[in-house]
Amino acid sequence: MSRLDLADVSPIAEEAPLLDVQGLTKLYGGRVGCEDVSFQLWPGEVLGVVGESGSGKTTLLNCLAARLEPTSGTIHYRMRDGEMADIFALSEPRRRLLTRTDWGFVHQNPRDGLRLSVSAGANVGERLMAVGARHYGAIRAAATDWLDKVEIETQRIDDLPRDFSGGMQQRLQIARNLVSNPRLVFMDEPTGGLDVSVQARLLDLLRGLVRDLGLAAVIVTHDLGVARLLAHRLMVMRGGEVVESGLTDQVLDDPQHPYTQLLASAILQA
Amino acid sequence: MTELLRIIDLEKGFTLHNQGGTRFEVLNNVNFAIEAGECVALDGPSGVGKSTLMRAIYANYMPQAGHVLIRHDAQIVDMVGAPPRLVLEVRRKTLGYVSQFLRAVPRVSALDVVAEPLRALGTDIETARQRAADLLQRLNIPERLWKLAPATFSGGEQQRVNIARGFAAPYPVLLLDEPTASLDATNRSAVQGLIEEARKRGAAILGIFHDREVREALATRLYPMQTAETA
Amino acid sequence: MMDGTSATAATTTGYNFAYLDEQTKRMIRRAILKAVAVPGYQVPFASREMPLPYGWGTGGIQVTASIIGQADVLKVIDQGADDTTNAVSIRKFFGRTTGVATTERTIEATIVQTRHRVPETKLRDDQIIVYQVPVPEPLRWLEPREAETRKMHALSEYGPMHVKLYEDIARYGRVTTAYDYPVMVDGRYLMRPSPIPKFDNPKLDMCPALQLFGAGREKRIYAVPPYTSVKSLDFEDHPFTIESWDEACAICGSTESFLDEVITDDKGGRMFVCSDTDYCGERRKESGDEPA
């Protein structure tokens, strides 16, 4: 009873994943975008995808987010009713609705994810209006609340995002995505192109949001420091393939694959 | 007494692929168990793999063979080969680790760095901050620093923040890697007090204590380590 | 009204009845039928070159030409008036190419072709109103790609339209769009009602007359069948409202019609008069105040 015995190890609880990816391959003609990628993601889990430019991580992200149709392989997502839906077998209206409500996508360049010619408040409120919110006051209150959460002064609600700094634009893009309470967010180099101090603030914000909202996220980054701070788990990609995956600190501190060892040893110690 | 941690036939080595595939063994044939209320000190010369063992137990390093069994709530978990989310769950609730260095998050205040493990357990922010404040007080971190991010602190202050963080949550199993190294006498005894308290509440503690006095005062038992035979 | 296909009595010889050849009319009628079947949906059609420049109502003219028959009575208005250049040109065009009767009286007309207004007189179920449309696509301001706007219509993704209304309210405290105010047709398709003042939007809702919309340059036809719901976009807490005036019409005294501001001299003198000349004239007749 009191002695720990190998025979008594508890079976690993079978919990339905939020996202189940099997054998995902994307070919561009004869060239490999990403090849035979399989993984599962559970609610509240942040998966970092790391690798250098051209390793296929952005192709993978775009396939996962249903922005690019894979050549082969499947992506199943657990809908709010519990059904595991094959993303590419869903009708286009359902898929588009899903990507605009239950999912989010944060682009590296906020200009790709924002409407620069409409106000910050409207940028945040758009997703609510898209699913039928028709009360101006309520939409504005939600937008105000989200601007506050992402640390944008609420009196700037009627300003145009083109007048915002890069860091503010990125935070606005995050608010615009999270306002619909998504359960899964895809991020493509969310801190890329920002000053180091601005990056730190954004990382801290993202960490807090992910923890407080119980979000699942797939974050593509080439910055291992960002990956260590944000991701619970890492997938290391090279030449379109996943060469190593596992717990973030284990992959970074005890890398097994030659490529990961090279990558980890190239980090500047701060 | 109840065993909380058992190590079975643990092996760990490293292959340096980018240095001609050099392979060296650090741990082999490691076998021991720790019961609730015990403080076991790893004993052996430096370079023998004490820190490596700690990291292997924490699943920070990936062992080649063996098992790390840990009593986690009503379950028994083998940390070797456990899926990442289970490892994180064990770390969140059961297994604490005080490393030698603080890996601080930019912009987060010392108070919140220390409160974070309790917050992760669902403790409300006020209670968590109160506990954090008590710990920082005991470790003599001046109150004016609490609201600041530890990245700007001196090495000694960072180490004490790190220790406070490690003791914030009542982990049943604690791994302590040189918790008293380079502390002055006052702070060393404060840390000793924390360790004693944890042990008395029933924690199973595995520690590396370089300072012989500290080791003798805290350890209820030693686990001698020897250099691994190279395969 | 389509009984004029074999008509011969055009006053200008050398052209088919109503200018367009019969094959073209059939093509356009097919587009109209489809448009009626799917209220608010923009049906592409092979718009023809007309003897007027684009922007002068070539879409409306082609629709009218395809539905007009010998027994029809045509009224053409521009900004509510029968005597403006555009209205006169189009009325003359049909007079010469069809020989059908024309009128300025809304109640006498079987077909009303209009630019920028809906008559104040309530339309009946034996009438058709044809709107001239410069830009048919309500989503164009936010999405330049036609393939994407068609997909947005197909999937009823109209949320971004409210972004525009939101912006107006945030900036000015109210929706400032005053004409071509977007509407939902039959709860399904988002539609531009053509550049009519929003004052006229309520007239589209449950209108007994068939409403046809033609955009010549953009090559689109759409329709609102009789008694179809047409709702102007709004917010629950900022409901759709129409314009109102502090003045009454200086000629007929109406307080219920859409008024134009007319500058009477260069000393700041001005007056407000009904934009619908037929309505204004009829009211004066009724009150015995008919001009000599």
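Everything quoted here is computed from the prediction, not taken from an experiment. Below, read A as the first sequence line, B as the second, and so on, with proteins coming before strands; counting in each chain starts at 1.
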The interface call for A:Ile157 against chain C, heavy-atom contacts under 4.5 Å, is side chain
task = Classify the angle between the aromatic ring planes of C:His153 and C:Tyr189 as parallel (below 30°), tilted (30 to 60°) or perpendicular (above 60°).
result = tilted
Scored by heavy-atom pairs under 4.5 Å with chain C, the best of A:Arg140, A:Met129, A:Glu92, A:His135 is A:His135
Check your understanding: Is there a side-chain contact between A:Leu147 and A:Leu172 (heavy atoms, below 4.5 Å)?
Key -> yes
With chain C, the option among A:Ser91, A:Pro93, A:Ser119 that has the most non-hydrogen atom pairs under 4.5 Å is A:Ser119
Turns out that what part of A:Arg127 lies under 4.5 Å from chain C's heavy atoms comes down to neither
Cut-off 4.5 Å, heavy atoms of chain A, and the answer for C:His162 is both
Per-residue tally against chain A (heavy atom, under 4.5 Å) across C:Arg171, C:Met161, C:Glu157, C:Lys164 peaks at C:Glu157
Verify the distance criterion only: is there a donor paired with an acceptor across the side chains of C:Ser194 and C:Gln132 at less than 3.5 Å? no
Turns out that what part of C:Leu165 lies under 4.5 Å from chain A's heavy atoms comes down to neither
Original post:
Between C:Tyr222 and C:Tyr41, does the ring centre distance come in under 6.0 Å?
Top reply: no
### Query
Taking A:Arg100 for the side chain and A:Ala130 for the main chain, is one N or O donor matched with an acceptor at less than 3.5 Å?
no
**Q.** Flag, side chain of A:Arg183 to backbone of A:Pro43, donor-acceptor distance under 3.5 Å
**A.** no
